[in-house]
There are 2 protein chains.
Amino acid sequence: MQNQKTFHHGNLKHALLQAALKLLDEHGAAGVTIRAVAKETGVSHAAPVNHYKDRRTLLTALACELFKEIVSTTLTRLEDSSLTDKERIFSFAVALCDYGLAHPNRYQLIWRSDLVDHQDAGLLAVMDELYDALCAELSELPGKAGCDTDTLAVSLWSMAHGYIDMRLTGMFEPHNDSVTHEPRFRAMLELYFRSLQ
Amino acid sequence: MQNQKTFHHGNLKHALLQAALKLLDEHGAAGVTIRAVAKETGVSHAAPVNHYKDRRTLLTALACELFKEIVSTTLTRLEDSSLTDKERIFSFAVALCDYGLAHPNRYQLIWRSDLVDHQDAGLLAVMDELYDALCAELSELPGKAGCDTDTLAVSLWSMAHGYIDMRLTGMFEPHNDSVTHEPRFRAMLELYFRSLQ
DNA sequence: TAGCCTATATTGACACCGTCAATTTTTAGA
DNA sequence: TCTAAAAATTGACGGTGTCAATATAGGCTA
């Protein structure tokens with residue numbers, strides 16, 4: 001059991017992630033520079049290299065933590081046993097949408113393949129966890145429109161991700177903060193579910 | 001009528017865009033720097049400022065040209081009068097998917113809101129042109145599942161964009177080059193169309 | 001307790017980057 | 001031909017990631 005304040009700084013590795021998250025929220029992915037993270041943490045500009053060998057590694061670790069948040073809140077919603085089959089399926093898309101609109105910078109970082117290593121084992125494991133959970137829900141549905149489960153899962157996730165991503169660019173509709181009530185997204189989900197009957 | 005080789009360089013503005021496109025294809029958006037574009041064009045590092053006031057303006061102009069390509073190829077496909085209603089709708093999604101998988105760097109640049117100004121009038125006009133064409137096709141369908149046209153259009157576009165975007169990260173499936181035949185994407189489109197009946 | 005070894009942190013350097021100011025060169029038009 | 005504007009160059013500034021060299025602190029063994 002190692003103390004909180006061993007070594008020079010303590011556990012700098014975790015402190016760096018915290019600082020990176022703060023900078024991400026405040027200034028977007030472009031603001032999460034090695035040097036800014038180091039300054040925010042109160043350490044010299046080359047200190048982070050001991051814990052994350054380069055910026056890509058740091059941002060990958062951060063993206064992994066962020067996706068864990070998404071998985072966690074999604075699975076928590078599914079613990080409600082009073083949900084209908086339809087609502088259980090919708091939970092995946094709605095949780096993703098809520099998170100994306102509430103934390104645009106976090107959501108966008110996750111999908112920045114130039115900044116994040118999407119072959120990272122840790123990140124793949126977390127993503128698979130959510131994907132597998134979605135497939136498990138879908139496979140229990142009575143009618144599946146003659147589609148395999150993967151097609152249904154990828155369809156739903158694609159629609160949700162595409163909507164969030166394009167909405168964050170401000171392309172389709174002006175970005176407002178009424179995240180809780182999203183009539184268009186609901187209509188899209190209803191349309192999706194309709195095809196399964 | 002102004003000559004091709006007026007002024008110092010000729011029409012540097014167009015040459016810069018060409019160089020930017022080459023660098024984009026070869027090295028991704030991160031490789032399209034003002035200085036690299038200038039060097040590729042054979043001018044000094046500060047020459048581009050006379051035609052594009054900063055990097056964002058240059059990349060926005062480039063993104064606009066790229067989206068024009070997408071609109072052009074999509075509308076060309078629609079000129080085939082032998083297409084069924086379903087195939088006409090699919091053309092929008094398939095053209096987008098083909099383009100995205102054939103030119104990952106180009107497609108990804110278009111949606112990089114940190115690099116491209118999505119409020120740019122020129123870019124908005126081109127995007128609206130494609131969106132309006134899609135809505136025109138959708139509004140002629142007999143059954144619309146009780147949805148307004150916008151919901152149908154945003155659903156289809158979201159699904160297509162989300163699929164392309166996530167596929168380019170290599171998240172769902174290994175990225176291969178068999179762009180022409182995409183069975184999963186076809187199945188997703190069939191699922192979408194099924195919900196309209 | 002003394003000393004060594006490794007993990008950790010600092011400093012400084014390098015080549016890039018975007019952008020600006022000052023300057024020079026070219027061109028258009030009176 | 002002359003002048004003013006447009007275009008291009010040069011040089012500088014603060015910022016970036018990353019590396020090498022150096023300094024320091026901690027755990028561990030003797």
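We name chains A, B, ... by the order of the sequence lines, and we start the count at 1 in each one.
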Is there a donor-acceptor pair under 3.5 Å between the side chain of N50(A) and the backbone N or O of A47(A)? yes
Rounded to the nearest 0.5 Å, how far apart are CD of Q108(A) and CZ of R112(B)? 9.5 Å
Nucleotide nearest A36(B) (side chain, heavy atoms from C-beta), chosen from dC17(C), dG12(C), dT10(D): dC17(C)
Please walk me through it: do R106(A) and E65(A) pass side chain to side chain contact (heavy atoms under 4.5 Å, CB included)? CA-CA 10 Å; R106(A) 299 187 193 186; E65(A) 289 304 310; over 6 Å; no
Rounded to the nearest angstrom, tell me the gap between atom CG in L115(B) and atom C1' in dG18(C). 13 Å
For atom NZ of K39(A) and atom C1' of dA9(C), their distance in whole Å: 17 Å
Could you check which residues of residues 48-65 of chain A get a heavy atom under 4.0 Å from DNA chain D? Sort them by number, please. D54(A), R55(A)
Given atom CG of D114(A) and atom P of dC17(C), what is their separation to the nearest angstrom? 16 Å
Parallel, tilted or perpendicular: which fits the ring planes of W111(B) and W157(B), with parallel below 30° and perpendicular above 60°? perpendicular
Among dT9(D), dA9(C), dA20(D), find the nucleotide with the atom closest to the side chain of S44(A). dA9(C)
Quick check: does any side chain N or O of R194(B) sit under 3.5 Å from a backbone N or O of L189(B), one acting as donor and the other as acceptor? no
Whole-Å distance between dA6(D) C1' and N11(B) CG? 15 Å
Closest-nucleotide mapping onto DNA chain D: is H45(B) or R35(A) further toward the 5' terminus? I mean the 5' end. H45(B)
Whether Y163(A) and F185(A) hold their rings parallel, tilted or perpendicular, with breakpoints at 30° and 60°: parallel
Consider the side chain of A46(A), meaning its heavy atoms from C-beta on, and name the nucleotide among dC20(C), dG18(C), dT11(C) that approaches it most closely. dT11(C)
